[in-house]
Structures are given as structure tokens and as C-alpha cells.
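Whatever order the structure lists ligands and atoms in, that order sets their numbers, starting from 1. What you see below is based on every heavy atom in this structure, not just the backbone, and it leaves out hydrogens, waters and symmetry mates. Positions are given from 1 along the sequence.
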Amino acid sequence: VEASIPEPQRAAWSRNQIQSFTDKDGFEKEVVRHVETTLARSMFNCDESAAYSATSLAFRDRLIKDWNKTQQRQTYRDTKRVYYLSLEFLMGRALDNAMLNVGLKDAAKGGLADLGFRIEDIIGQEHDAALGNGGLGRLAACFLDSLASLNYPAWGYGLRYRYGIFKQEIIDGYQVEVPDYWLDFNPWEFPRHDVTVDIQFFGHVSKTTKDDGKTAAIWEGGEIVQAVAYDVPIPGYDTPTTNNLRLWSSKASGGEFDFQKFNNGDYESSVAEQQRAETISAVLYPNDNLERGKELRLKQQYFWVAASLYDIVRRFKKSKRGWNEFADQVAIQLNDTHPTLAIVELQRILLDIEGLEWDVAWDIVTKTFGYTNHTVLPEALEKWPVGLVQYLLPRHLQIIYDINLYFLQTVEKAFPKDRDMLTRVSIIEESQPKMVRMAHLAIVGSHKVNGVAELHSDLIKTTIFKDFVEVYGPDKFTNVTNGITPRRWLHQANPRLSELIASKCGGNGFLKDLTQLNRLEAHAKDAAFRREWAEIKYANKVRLAKHIKNVTGVTVNPAALFDVQVKRIHEYKRQQLNIFGVIHRYLTLKGMSVEERKKQLPRVSVFGGKAAPGYWMAKQIIHLINAVGSVINKDEEIGDLLKVIFLEDYNVSKAEMICPASDLSEHISTAGTEASGTSNMKFVLNGGLIIGTCDGANIEITREIGESNIFLFGNLAEDVEDLRHAHNYGSHSIDSDLEKVFGTIESGTFGTPHDFSAMIAAVRHHGDYYLVSDDFHSYMETHRLVDESYRNQDEWVSKCITSVARMGFFSSDRCINEYADGIWNVEPLVVQE
Ligand code: 8GP
């Protein structure tokens, strides 16, 4: 029961609230107050960790006020809201972002300096919130930033994993996974012990006859797990809008433990039950672009989806509107197929609980949902055994069967006698065992399906979802090319460049309207500007070089060309192509005379990224990179001319240091395999050039920045299938330079050859599925062009400036506006202060 407090009283309270700090002195007072009271420490033993905590608490207090007001405003205005359902939110650090978005970083910097601290050290204390694997999770985080910055009434819904993506250590050149327990002290979350939802699993379904004579399904029995909400404020940039990210944590529903069992002396099993419930939100599955079909994963999905929908429906019901208005008030976006059960759950709520007719309910459901696909790789497409769904969610399986039945009936009408079509589009795959195809369910239950870059959106229409285009027509399928938030990926990661850009773009307006970067273009030929630009790049490289020295002990020359590939390790992303290329470069240098060598351009090849713990080949690739590095980095003949670095534990905060320091970054996936890529955008925005294939968003980046500002190579997506066919059924000759590389590995130069034989065999004997050999020559040729181009620094720097000037399209703000217009039909809520 809510207490009803008269409006004048409420207004008086909010007028009397303690005012947030607005300057350095106010900030200092708040820090001291938090150190001495919240943390119960004296300023005399306030170390960096305490200073981080107190600074975060000071900013958190500020955010809470904006956050409360935002929630009040959104409730009061009651416009349509967007709900972004994502099993992953790769947020990174929050403090720096909060300081910049609120606009008080300078005040904090000065205040911390007065207290004897460097702001960078304090920011560096924060543990990354790493609740995601890679691109998909980071995209969700960029989207939250844009939704808030653009004042959209939006919520993110996810899981509060106790363990995020594992921490990677490199031991003797091998990846070792260490659990990432990140919740020791997290000032950015608010437990809402009053916001809980009981989630049911297992049990059985019975039928009952209602008063009106109709039958209804009742799902009974089984077990209940409680979902507890944890809220994370998401501040918009330069706006008071502060949205909410709600993460669910699992808990046994019976309270701390079962006292009955406890009193009966069965203490252990009562604790065990508690632990079993908590397992649901314990750990993020560490796979990127791969599905493993584990029962616990399905439990996670339903747990999160059911809690979120309960919350969404509860909020809608408060507005006292009729169900016919649901889809006008609520848009739900499915980030990949992980939340697809939400479609079934909403249908169940409307049908079984609210008593709507099937067709009425289904109409609401399909108008509510949109589905984003992030990959065409078959191994990543989710399927769940029918038996498992039946056991875990018996009522949902019935509904899935009914959805499928009605869907197949319409297909049959449109394609009479086409049995194959029915088999192909069916939500149920008639295999052994039978499987529920989640992507099919997501398509059937949504009004729009989108890919994440033009090529990708075309590919899903012509390959994996081809039949659905015939069934629904092309308009259901659309493209929204990915974007990144310029706040984190330029302003925060590269403050000096951001400032230089602001000086030529008429202030910080470009951070909210990235197309304003085009004002830079006029300065690409200005020698003084280029010098300043190059000087900032150099300083960023010096910083990375220091980090490399600290963590690997290897000295690298900041004047060398920094060539970077950081992303998840995957055969389709082809880090193996990169390292084979590095070996080839090494062999070429070794074959040169001392005089010739002197003319060569020094390079540092930087790698970083995690391999899924069960992905053996990806781990071998990491091992090879490290093995090659340990030989080359010690080779005195080669010295600065080539260094190979593997940076362990690549994550968001490291990306913020690495992107600004790259001259060249590698986005070299086999054409047609990388849905979009988003780090390609980050690197270009930070004034680096790209070597890449015609894949994902590289294609649109090329279109925007111009072909002369990117180093493209390799076969095209349209030729991949024929090439693979030829490998398997024709002759497959391996590139001769690549054979030399293989020969060197096999001679033991980089340690036991056996360790790497599978990697070589994949190219030589197993069909070279990722076309490493086909693209090797053109890859090496293109690297030669890079060297040539880099020698002319004036031209190189103008290319970088021109590219940045033309990157306006790749803001996640543009992307969110496209979703809002084309898929969600929502408007920003204008803030009147
Ligand atoms: C990634 C894509 O691989 C990447 O190209 C794209 O930029 C990113 O999504 C954001 O759209 N896809 C995945 O991470 C992914 O599909 N994960 C699988 C678990 C579904």
C-alpha cells in the first residue's frame, strides 16, 4: 500500500532536498563526508581505494536525484517506453563516464588534487563491470548511453551476474581463466529488496473450465525462485535524463533458508537449496558467437525474461489503460534470440492470466516485439531440445506449439503443397532430438527483424532467413547499422583529441551531433593542425608503450607503427591470418642485409582478446601469438623493427587506452562472417586507419570515409561459397609465402611444432573454411601499401583527420534514432528544467 502524501507536502520536501555539489569545494566536502561517515574512515588514512569509493558516492548522490526526477517525469507523462532486453551489458567503468556526463570532471580533478590524489589513479581503481562477452554486450551498453543522452524513456533489463566474463591470465603463453568476482564494492547499483518477482520452473499444466464455459490452462507445481531487482543509473550526456538499467539477481524464495528443514536437522540441504537458486544468476556464459545449449543457460533466460515482463506489465497496469493500448505504450527489443521466451511469456500472461483471446493477445505480442540478429554463423543460432523446454517450462512449450501451428497454417495457405517450405520455416526442427529454433520463434513473434550492418542485413535475407522473406515479404526485415557512443569512445577515451576537435568544431556540440565532425575536414591540410594531431597520437602511444612495458616487460618504440588487433579470439576473425603475416614479415626482415633492414619501418603488432574456455583452436591461436612474440622480441638482429605483444585480459577499460594509441587496426574477418564489428568504428574515430576485408560495417565505413582512406583486401562475400566448394572438391593450392610460414613453424622456430599442427592442418588439409590461404597474398601486399603510406606522415595524418571528419554516421545516437523511428515508434521526452 502506497502512502498518499499530499502534493504540497511533496513539493516542499523536494525543494528542501540537500543541494548537489556544483563545484570543486562542494565536491571536496562531499568526499570528506563520505570518507568519514559512509566509509567510517579518517581522512588521514584515506588511500586511493577509499578516495575512489568516496568520489563515486559523491557522484552517485548527484545521479540519484536526476534519476528520481527522470522516473517521476516518465511516469507522469506516461508516454511510450522502450525496453531493451539483453543478456549482456558490457558497461566497463562508471565513474569517469558519470563525471563527464554530469559535466563536473574538472571539479573532481581539482578537488582530488587538493586531497593529494591524481584523478587518473582514482579512476583506475574501479573494477570493470564486465557483464558481457564482446560486441553484442558492448553495443547494448552504447545503446543505453544514447537512449539516456537523447532523452528516450527507456529501460535496460539484464542479469546481475556475480561473475562477469572471466579474467584472462597468460601463463607460459597459454590462456588461463580466473573468476571475475566484481561485486566486492559496487557503488553503482541499488538493491531493491522490495522489487521482487517469484519465478516458476518445472511443474505441470492442467485444464480448468471457467465461468463462461471456456477452458483455461493452469500451470502448477514445480519450484519457485525469487528475482530481486538491482538498479543501475544510466546518466545521459549533458541532460538531466538518467535512465535505469535493471539487473535481476536470483535467490531462494523461502527466505534465507528453510527453517523446517533446519529444525529437522537437515541444515545442509536447506542451504543447498538456497545455493541452487543463487546459481541461476551466478555466472555469465563466456561464449561469443557460439551456443552450448546448457540447461542452466535456459533457466537464466527464462528467469530474466519472466521477471522483466512481470515488471513491464506491472508498470503498464498502473496506467489503468486497456490491453488494446499495450503496444502503443510498450516497445520491447530482443537483443539477439536470448530473450525470445519473452514472446511466449507475454502471450501466456495475456492468455492465461489476463484471459484475452488468442488472436487478440497474439496481435499485441507481435506489435510489441522487435528482434535484432547479430550473427549468421550457424553455430551461434540458438536451439533448445523440446524435451528440455517441456520439462522446465511445460506451459510455454504448449504455447510454442500453438504459435507454430497457427503460423504454419498461414504458410500452408500461401504455399500450398510446399512441404519443404513448412519444414524449413517451422519453429520446431524435426530432428533427433526435436529442437525449438529460437530465431524462427523470434521472427514469427516480432513485427520487425533487423541486422546490424547493410551487408549483414542483406545476408540474413538471402541466407538464414530467406524463407521468411518469402512468407512475410521484405518489409519485415530491415537494417540498422551499429554505432558507438562518442562520449565514451572519444571524449572519455581520448580527452586531448576530443579537445582539439572541439577547438575546430565550435565546441563540444559534436558529442551530441557527431555529423558536426565534418567541420574538421577543412583542417586536414593545415600543417600546424596536423602537427598537434600527430603529437596527441604520439602521446597516446607513449602511454600504451608504458603499459606494455609494465605488464609484459617488453620495451616498444612509440615511433614505430602500432598495428592492433583486439577483439574476441575466433577463427572467423582470423587472428591466425595476422600472426602468419607477422611471421612472414619476420622472415622477410631476417632475409635482408643490415643495410636493407635499416630502411624498414619499425612495427609493433599488438594482439588482445579472450578465447571461450572451451574453444580449443582459439586457445592455440593465443599460444602461437605468444610463442612468436617470445622469439621475435628477443631477436637482437631485429630489435625495434618488429615487436609482437599479446596484452592479457582485454576489456573495456583497456580498449579505452588501446584505441587512441593505434595507427592501424585489423578487421580482417572472412568476408560475410562479421555481422558488423564496432571496434572498427572506435579505431577510426580515434584517428587510426584500418586494414580490413569487405565485411560488416567496414563496407559502410569505406563508403563514408572514402576508399583512399582504408586498406581493403581479400575476397568478397559473394565469392566465399565458390571458394569453399573449390577447396573441398577441386584442387586447393596453398599460397607459397604462407607455405614458408608453415615451414618455419614446423621447423620448431616457435617451440614444439606439434602444438600448432592443427592450426596449419585447418588451412592445408581441412578445407581452409576461413579462406586464410586465399586472402594471404592480398593481405601481405596491402600491408606493404600500409608501410609505404605511413612513411609519408603528412599524408597519413591527413587521411586520419579526413576519416574522423567523415565518421559522423557511426554514432550510436543515429542508430538509436533509427530504431526509435523505424521499429519502436517512440519519441524522446523533452526535459523542461
Ligand atoms: C556480434 C557480432 O559478431 C559483431 O560483428 C557485431 O558488431 C556485434 O554483435 C554487435 O552487433 N555478435 C555477437 O556477439 C553474437 O552474435 N553473439 C552470439 C551469442 C549470439
Side-chain angles (χ1 to χ4, degrees), residues 84-90 130-144 146 158 165 284-294 297-298 300-301 333-340 371-384 437-439 442 449-457 459-460 464 479-485 489 566-575 609-612 614-615 618 652 655 666-683 692-701 717 810 812 815-816 818-819:
Y84 198 79
L85 267 56
S86 180
L87 207 39
E88 304 189 7
F89 287 95
L90 195 45
L131 306 186
N133 275 287
L136 172 146
R138 183 53 230 176
L139 186 75
C142 283
F143 281 5
L144 292 182
S146 286
I165 186 72
L284 164 80
Y285 278 92
N287 302 319
D288 179 80
N289 273 294
L290 176 79
E291 259 315 310
R292 277 298 170 97
K294 291 280 188 347
R297 167 89 164 178
L298 186 60
Q300 288 188 333
Q301 294 184 352
Q333 192 65 25
L334 306 173
N335 196 23
D336 217 89
T337 54
H338 317 145
T340 301
Y371 155 52
T372 306
N373 171 279
H374 293 269
T375 182
V376 293
L377 299 190
E379 63 269 32
L381 294 181
E382 267 191 300
K383 290 175 191 174
W384 293 103
R437 296 158 161 163
M438 301 309 266
V449 176
N450 75 285
V452 291
E454 273 178 24
L455 174 67
H456 170 64
S457 297
L459 281 175
I460 62 178
I464 51 175
N479 170 248
V480 184
T481 299
N482 282 168
I484 56 171
T485 167
W489 295 112
V566 284
K567 49 184 87 237
R568 288 299 289 252
I569 311 293
H570 208 299
E571 286 162 282
Y572 88 79
K573 294 178 188 282
R574 298 202 295 190
Q575 283 92 353
K610 295 173 186 181
Y615 190 171
V652 173
E666 309 237 356
H667 308 273
I668 57 177
S669 49
T670 311
T673 61
E674 187 72 276
S676 161
T678 43
S679 74
N680 40 9
M681 304 168 191
K682 293 164 199 166
F683 280 104
T693 44
C694 294
D695 201 16
N698 288 355
I699 295 173
E700 287 150 87
I701 292 176
F810 298 99
S812 46
C815 199
I816 285 299
E818 284 183 19
Y819 277 97

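- Set against the non-hydrogen atoms of Asp336, the atoms of ligand 1 under 4.0 Å away are 20 (C).
- Side chain of Gln575 to backbone of Val566: no donor-acceptor contact under 3.5 angstrom is found.
- The shortest N or O to N or O distance between Ser676 and ligand 1 is below 3.5 Å.
- Under a 3.5 Å cut-off, the side chain of Asn133 and the backbone N or O of Tyr285 do form a donor-acceptor pair.
- For the pair Tyr572 and ligand 1, a heavy-atom separation below 4.0 Å is found.
- At a 3.5 angstrom cut-off on N or O pairs, Asn482 counts as close to ligand 1.
- Nearest non-hydrogen protein atom to atom 18 (C) of ligand 1 is Asn289 N, 3.5 Å.
- With a 4.5 Å cut-off on side-chain heavy atoms, Leu334 and Met438 do not count as touching.
- Between His374 and Asn335, the side chains place a donor N or O and an acceptor N or O closer than 3.5 Å (distance only, hydrogens not considered).
- At least one heavy atom of Gly677 lies less than 4.0 angstrom from ligand 1.
- Residue Leu136 touches ligand 1 through backbone and side chain together, judged by heavy-atom distances below 4.0 Å.
- Side-chain contact of Asn482 with Thr678: a donor-acceptor pair under 3.5 Å is absent, judged by distance alone.
- Counting heavy atoms closer than 4.0 Å to ligand 1, residue Leu377 contributes nothing at all.
- No donor-acceptor pair closer than 3.5 Å links the side chain of Thr481 to the backbone N or O of Ala453.
- Side-chain contact between Glu291 and Lys383 is absent, with no heavy-atom pair separated by less than 4.5 Å.
- Considering only heavy atoms from C-beta on, Tyr572 comes within 4.5 Å of Leu377 through its side chain.
- Close approach to Thr375 involves these atoms of ligand 1, each under 4.0 Å from a residue heavy atom: 16 (O).
- For the pair His338 and ligand 1, a heavy-atom separation below 4.0 Å is found.
- Which parts of ligand 1 touch Val452 is read off a 4.0 Å heavy-atom cut-off, strictly below it: atoms 11 (O).
- Heavy-atom contacts of Ala675 reach the following atoms of ligand 1: 5 (O) (cutoff under 4.0 Å).
- Checking only distances, Leu290 never comes within under 3.5 Å of ligand 1, N or O to N or O.
- Backbone and side-chain nitrogen or oxygen atoms of His374 are examined, and one is located within less than 3.5 angstrom of a nitrogen or oxygen of ligand 1.
- Heavy-atom contacts of Asp288 reach the following atoms of ligand 1: 14 (O) (cutoff under 4.0 Å).
- Among protein heavy atoms, atom 4 (C) of ligand 1 sits closest to Glu674 OE1, 3.4 Å.
- Using a 4.5 Å heavy-atom threshold, the side chains of Ser679 and Arg138 count as separate.
- The side-chain hydrogen bond (donor to acceptor under 3.5 Å, both in side chains) with His667 is formed by just one residue from the set Arg574, Lys567, Lys573; it is Lys567.
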